[in-house]
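The model shown is predicted, which means the values in this text are computed figures rather than measured ones. When reading the values below, keep in mind they use all heavy atoms of this one structure, side chains included, and skip hydrogens, waters and symmetry mates.
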Amino acid sequence: EPASIDEFYLSLAGTERLYRGESLAQTAERIRQDVLRRTGLTVSLGGGTNRLVAKLAVEMAKPHRGGRGVLTIAPGGEAAFVASLDLDAIPGIGQRFQERLQKHHLVTVRDALQLERSELQSRLGVRSGAWLYDRVRGRASARVKPRQDARSMSREETFAADLSTDEDLTRELTRLIDRLGQDLRRAGLQARTITVKLRDADFTTRSAAQTLRLGVQTREAIQPTALGLLDRLRTRRRVPARLIGISVSHLRARASTADQLSLFGSAVSVGESPRDLTLAKTVDQIRSRFGNAAIRPGVLTPSPSEPQSS
């Protein structure tokens with residue numbers, strides 16, 4: 001369940017046999033090392049019997065706070081763990097609530113633990129008092145709500161220096177289309193609406209969109225429409241651009257090839273031929289083995305940050 005742009009809750013309930021009885025801390029450390037190996041990114045993980053404890057644990061696990069990247073709280077240890085914290089560490093206690101608590105000389109969790117539920121409700125109100133009474137004892141919902149289906153997917157690039165020529169913008173848009181097609185196939189989705197966005201050098205943001213009759217998920221099928229939209233935007237205002245982006249919406253799970261075929265089997269009418277999809281999936285397999293730089297659309301040239309390939 002997404003909690004913010006870079007933070008998520010993950011329920012591992014019922015996976016004990018899948019992970020052969022390893023501890024929650026071992027699972028978390030294995031995930032952390034796998035992310036580091038695959039992406040070079042360092043992530044922190046916190047674990048507990050509910051979302052409150054997991055959130056507090058991950059904050060303590062962060063290396064810049066002296067943590068080691070992983071912290072899990074064993075069942076039964078929730079109250080003792082939370083008792084060591086200040087009240088402003090509890091999610092949901094913002095600046096205003098903190099000021100209210102301070103007026104009642106409540107600064108640390110231990111301060112609040114000295115008061116019964118009825119006393120907290122008398123001072124803070126029935127709802128807030130009951131909420132705080134449970135939180136300082138490490139009690140909260142453990143339910144993790146599954147991620148909602150994506151409504152759109154996008155890729156965009158801000159340039160270090162504004163791009164002026166149609167050729168440069170076409171190259172960058174093609175690169176983004178290629179990546180977005182990979183995103184769609186990885187998610188098993190097709191898109192019907194394609195939108196191209198330009199942000200001009202004067203920060204004017206413009207976009208153009210087109211909805212197709214059938215869904216697509218390959219660069220070969222997306223690119224003609226996207227380049228047509230780019231041409232439309234450039235015709236209206238041909239000035240240097242500082243950002244280009246492409247997004248797709250009207251997403252749905254990919255239908256079978258048979259479902260996509262028209263009455264007469266025309267590749268144009270379906271927007272995406274079986275050959276296009278086979279080729280795209282083959283490219284995906286090559287990239288998963290050798291990296292994204294291993295194979296590129298012919299129109300592209302490597303960016304300075306990408307390694308050369310043979």
Side-chain angles (χ1 to χ4, degrees), residues 150-160 162-200 205-236 238 240-255 260 267-288 290-306 309:
R151 296 183 179 179
S152 66
M153 301 176 75
S154 64
R155 287 275 186 170
E156 62 181 39
E157 183 75 23
T158 300
F159 313 125
D162 297 342
L163 298 187
S164 300
T165 69
D166 292 343
E167 291 78 8
D168 285 341
L169 289 170
T170 295
R171 183 186 67 251
E172 294 303 323
L173 181 58
T174 301
R175 192 190 307 278
L176 296 178
I177 294 169
D178 194 47
R179 294 174 180 172
L180 188 57
Q182 275 189 284
D183 295 339
L184 284 168
R185 293 189 297 277
R186 191 174 293 130
L189 297 173
Q190 290 179 316
R192 288 186 55 224
T193 299
I194 299 170
T195 302
V196 172
K197 178 174 71 172
L198 277 180
R199 181 165 298 147
D200 298 333
T205 300
R206 303 177 292 132
S207 64
Q210 183 174 338
T211 297
L212 307 178
R213 189 170 64 84
L214 295 173
V216 294
Q217 61 173 185
T218 65
R219 178 182 63 83
E220 289 76 11
I222 298 171
Q223 185 165 322
T225 299
L227 294 184
L229 295 171
L230 174 63
D231 182 64
R232 186 192 309 175
L233 292 171
R234 293 286 287 171
T235 299
R236 291 174 182 171
R238 198 173 299 277
R242 60 181 294 107
L243 175 148
I244 193 168
I246 180 169
S247 64
V248 290
S249 53
H250 286 96
L251 304 181
R252 66 177 185 182
R254 180 185 176 277
Q260 294 184 53
V268 174
S269 67
V270 301
E272 188 168 78
S273 70
R275 178 182 179 279
D276 290 338
L277 190 56
T278 299
L279 178 62
K281 289 184 175 180
T282 301
V283 171
D284 290 343
Q285 293 172 358
I286 293 172
R287 286 172 171 167
S288 69
F290 299 106
N292 285 332
I295 186 168
R296 306 181 182 87
V299 71
L300 299 182
T301 57
S303 67
S305 62
E306 292 180 326
S309 59

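The line from OG1 of T158 to CZ of R199 is 6.5 Å long, rounded to the nearest 0.5 Å. To the nearest 0.5 Å, atom CZ of residue R192 and atom CG of residue L214 are 7.5 Å apart. Note that CG of L212 is 7.5 Å distant from OG1 of T193, once rounded to the nearest 0.5 Å. In this structure, CZ on R232 lies 12.5 Å from CG on L227, to the nearest 0.5 angstrom. Between the CG atom in L189 and the CD atom in Q217 there is a gap of 8.0 Å [rounded to 0.5 Å]. Taken to the nearest 0.5 Å, the OG1 atom of T165 stands 10.0 Å off from the CZ atom of R238.
Listed here is the closest heavy atom pair of V196 and L233: O-CD1, 3.6 Å. Contact between S154 and L180 at its shortest, heavy atoms only, is N-CD1, 3.9 Å. Taking every heavy atom of both residues into account, A208 and L229 meet most closely at O-CD1, 3.6 Å.
We find that D183 and R186 are joined by a salt bridge, their nearest charged nitrogen and carboxylate oxygen being less than 4.0 Å apart. Note on R234 versus D231: no salt bridge recorded, every NZ/NE/NH1/NH2 to OD/OE distance being 4.0 Å or above.
Looking only at side-chain heavy atoms (C-beta outward), R236 and R206 come within less than 4.5 Å of each other.
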